[in-house]
Amino acid sequence: MTAPLVVTRRMVDHPADSHSIDRYEATGGYAQAKLAIGMTRDELVETVKASGLLGRGGAAFSAGLKWSFLAPARPAYVVINADESEPGTFKDRQLLERDPHQMVEGTIITAIANEAHHAFVYIRGEYAKPARRVQAAIDEAYAKGYLGRAIFGSDFDLEVTVHLGGGAYICGEETALINSLEGRRGEPRLKPPYFPAAKGLYMLPTIVNNVETVSNLPHILAMGADDYAGLAHESDTGTFLMSLSGHVAKPGNYELPHGITWRELIYDIGGGIPGGKELKAWIPGGASAPWFVPEHLDLEITKEATAAAGSMLGSGAVIVMDETTCMVRAAERVIRFFSHESCGQCTPCREGTTWLEMILRRIEEGQGRAVDLDLAIGVSDGISIDLAWPPKMTTICPLGPSAVSPIKALKDYFRDEVQAHVDAGGCPL
Amino acid sequence: MSIWSHETQIRAKEIVARYPEKRSAVMPLLYLAMAEDGHLTDAGMEEVAEWVGLTPAQVHAVASFYTMYKRERTGKYLISCCTSISCMLLGGDDVLAAIEDESGVPHGETDPEGVLSVEHVECIGACGGAVAVQVNYELIEGVSPEKARELVRWLKKATPAAVNSDEMQELFGGIRSFDWGIRDEDGAVGPYPAFQPLGTTKSAGQS
């Protein structure tokens, strides 16, 4: 199954200069932002709703619907979430480095639709080079009169400010990001009442959209919502950037239609497992997602089919593990991440992730006891009741419940391997 | 009286002016403070507090939340090795061990000369180019233990005035997450991100 490339088309066709404003404009760039100036907020919101575009930051919520929630108070703000930090995910980095103007044009469209005159691009601090590329693109857009006062000769003003993060994954959560942008600790806020569209940045209406999400907007306006919705799949429209990593022959970002199978993704597109090894497990949607095993290979990659099998597509990051991978070690590594990145506000997450990390480490290092897996399951149950998917929340944000996904994998598929660690007094692999 | 240079004060004024509320300037100003002193000092945090109208304790509360604000003495080159899941699967722990061994600096520490700091970090968004290493947040993808040792020796011997992602990738890198396209000449001059609006970049060839 093939679908046309959308957000990666320019960088594929023009690898030498896809980032430049000359190439961008020569390939139709900024025409849609100009057009959007003449459209009403309602027209833009309805177009994006009709396109079926889902947020690409991980939550897969209707982008048009999110815009429609904007409260009437003004000023309103737009924030582009470029805090990409979910382990396994590197797609926004490619969009930022290789086609920054596409993101800038998407930002302009988002600002027009949401009547915002100041947009912030919150880029993770470790993305110094992508941030430089984005700033260079913004500077070019200012010089051309596409940003700043009276953009495109209209009466619409738009300032865009790049803000570097400080190395905290949690700031990818939109309310934590807003706290961070206000100069505070990046701790998530309770929703309700702090839905960004009503009480966001400086307690004003704020739209937070992911880089890939807004990068799709110029294409939706250019193609029309119906044609965009007609790409690829009836329920999951448009294309989807997937980051493939781990034990796979051809890692990288792939812009794909929804609806192909995991087998096609891992074996055809990804070139299979190096060294002729067998597949053991994979994480289908970033470190937060419950793991899949070979019995899931023929499932279609759609939001619904993935949810029905108890996981999610999340940020589109697929981490492949071959037969030589120790599942205890892999689980420990994923949980260590969440333990390190927990903001510490909520006890179940702060304490639970710390304990899970310690329990897994002792199993891996040979001090594990027969009861340790059940102990870890019990701790997980305290963070995410019944280890249900989607989680029953015990915390302000989903970070804590995400951390139990590896424990769920050990419980459901790899209990014997954990026991073998206990019996052998260490890792038997 | 500001403890910062005239140039840094001008920059700080520009940064504060970018935000609707000056408190929002805390994070970029903390990077400026690091650039002034080489790491984040108490005096630097007090200075930031003055600029944004907070107490030093409030600024400290922000700084201590984020891993990139280094409140301890930090080397001229901060080597960060990713050992998160995707890099771990492809030998991240071995690369870290090679860096620690070659430099003599364990994770989380700085050498006595103040040249190298070493840390392991969580995912830095280069999973398709595992194992990923950064020097002062300039990325190198596809690093092997042998290349990591070469990198450490190069930093100690050549002591480049600025480190640049593209240059180091060519010298020490391997597989990339994607085609990087054209070269970028900007480089980092200390253990904080090289970003023009902060004034913390330098051309890689410049001394």
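The chains referred to below are lettered A, B, ... by the order of the sequence lines, with proteins before strands, and numbering in each begins at 1. A quick note: this is a predicted structure, and the numbers were derived from the prediction, not measured.
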Going by heavy atoms in the side chains, are B:Met68 and A:Leu164 under 4.5 Å from each other?
no
A:Cys171, part contacting chain B, at a heavy-atom distance under 4.5 Å:
side chain
Could you list which of residues 121-129 of chain A have a heavy atom closer than 4.5 Å to any heavy atom of chain B, in residue-number order?
A:Tyr122, A:Arg124, A:Gly125, A:Glu126, A:Tyr127, A:Ala128, A:Lys129
Might you point out which heavy atoms bring A:Arg336 and B:Ser84 nearest each other, and give the distance in Å?
NH2-N, 4.0 Å
Separation between OG of B:Ser24 and OH of A:Tyr202, rounded to the nearest 0.5 Å
2.5 Å
Would you say the side chain of A:Pro87 lies within less than 4.5 Å of the side chain of B:Glu122, judging by non-hydrogen atoms?
no
How many angstroms lie between NZ in A:Lys91 and CZ in B:Phe178, if you round to the nearest 0.5 Å?
12.5 Å
Students often mix this up, so state it plainly: with edges at 30° and 60°, are the rings of B:Tyr19 and A:His163 parallel, tilted or perpendicular?
perpendicular
Do you know which of B:Leu139, B:Ile124, B:Val26 has the most heavy-atom pairs with chain A at a distance under 4.5 angstrom?
B:Ile124
On a heavy-atom basis, the closest approach of A:Gly166 and B:Tyr31 is CA-OH, 3.4 Å
If you count every heavy atom of other residues, nucleotides or ligands that lies below 6.0 Å from B:Asp42 atom CG, does the total exceed 12?
no
Could you measure the distance from the CD atom of A:Gln94 to the CG atom of B:Asp179? Nearest 0.5 Å is fine.
8.5 Å
Residue among B:Asp166, B:Ile182, B:Val52 with most heavy-atom pairs under 4.5 Å to chain A
B:Ile182
Taken to the nearest 0.5 Å, the spacing of A:Arg133 CZ from B:Asp184 CG works out to 6.0 Å
May I ask you to list the residues in residues 318-325 of chain A that approach chain B closer than 4.5 angstrom, counting heavy atoms only, ordered by number?
A:Ile319, A:Val320, A:Met321, A:Thr325
Residue pair B:Gln196 / A:Arg132, side-chain heavy-atom distance below 4.5 Å
yes
Answer yes or no: is there a side-chain heavy-atom contact under 4.5 Å between B:Ile175 and A:Pro251?
yes
Best-contacting candidate, B:Gln58, B:Met88, B:Arg18, B:Glu138, against chain A by heavy atom pairs under 4.5 angstrom:
B:Met88
Test B:Arg176 against A:Glu97 for salt bridge (charged side-chain N to carboxylate O under 4.0 Å, His left out), laying out the working first.
CA-CA 13 Å; B:Arg176 304 178 194 217; A:Glu97 282 190 30; over 6 Å; no
Among A:Glu84, A:Arg185, A:Arg329, A:Glu332, the residue with the most heavy-atom pairs under 4.5 Å to chain B is A:Arg185
Mind checking whether B:Asp93 and A:Arg333 have side chains closer than 4.5 Å, heavy atoms only?
yes
Take B:Glu21 and A:Arg184 through the salt bridge (charged side-chain N to carboxylate O under 4.0 Å, His left out) test and state the conclusion after the steps.
CA-CA 12 Å; B:Glu21 294 188 10; A:Arg184 302 173 196 278; 5.8 Å; no
Please step through side-chain contact (heavy atoms from CB on, under 4.5 Å) for the pair B:Phe65 and A:Cys343, ending with a clear verdict.
CA-CA 8 Å; B:Phe65 187 84; A:Cys343 82; 3.8 Å; yes
Taking the side chain from B:Tyr66 and the backbone from A:Gly186, do they hold a donor-acceptor pair closer than 3.5 Å?
yes
With a 4.5 Å limit on heavy-atom distance, are the side chains of A:Tyr77 and B:Pro20 in contact?
yes
B:Ile15, B:Val62, B:Thr201, B:Leu54: which one forms the most heavy-atom pairs within less than 4.5 Å of chain A?
B:Val62
Would you check, one step at a time, whether the test side-chain contact (heavy atoms from CB on, under 4.5 Å) holds for B:Met27 with A:Leu181?
CA-CA 8 Å; B:Met27 293 180 69; A:Leu181 194 48; over 6 Å; no
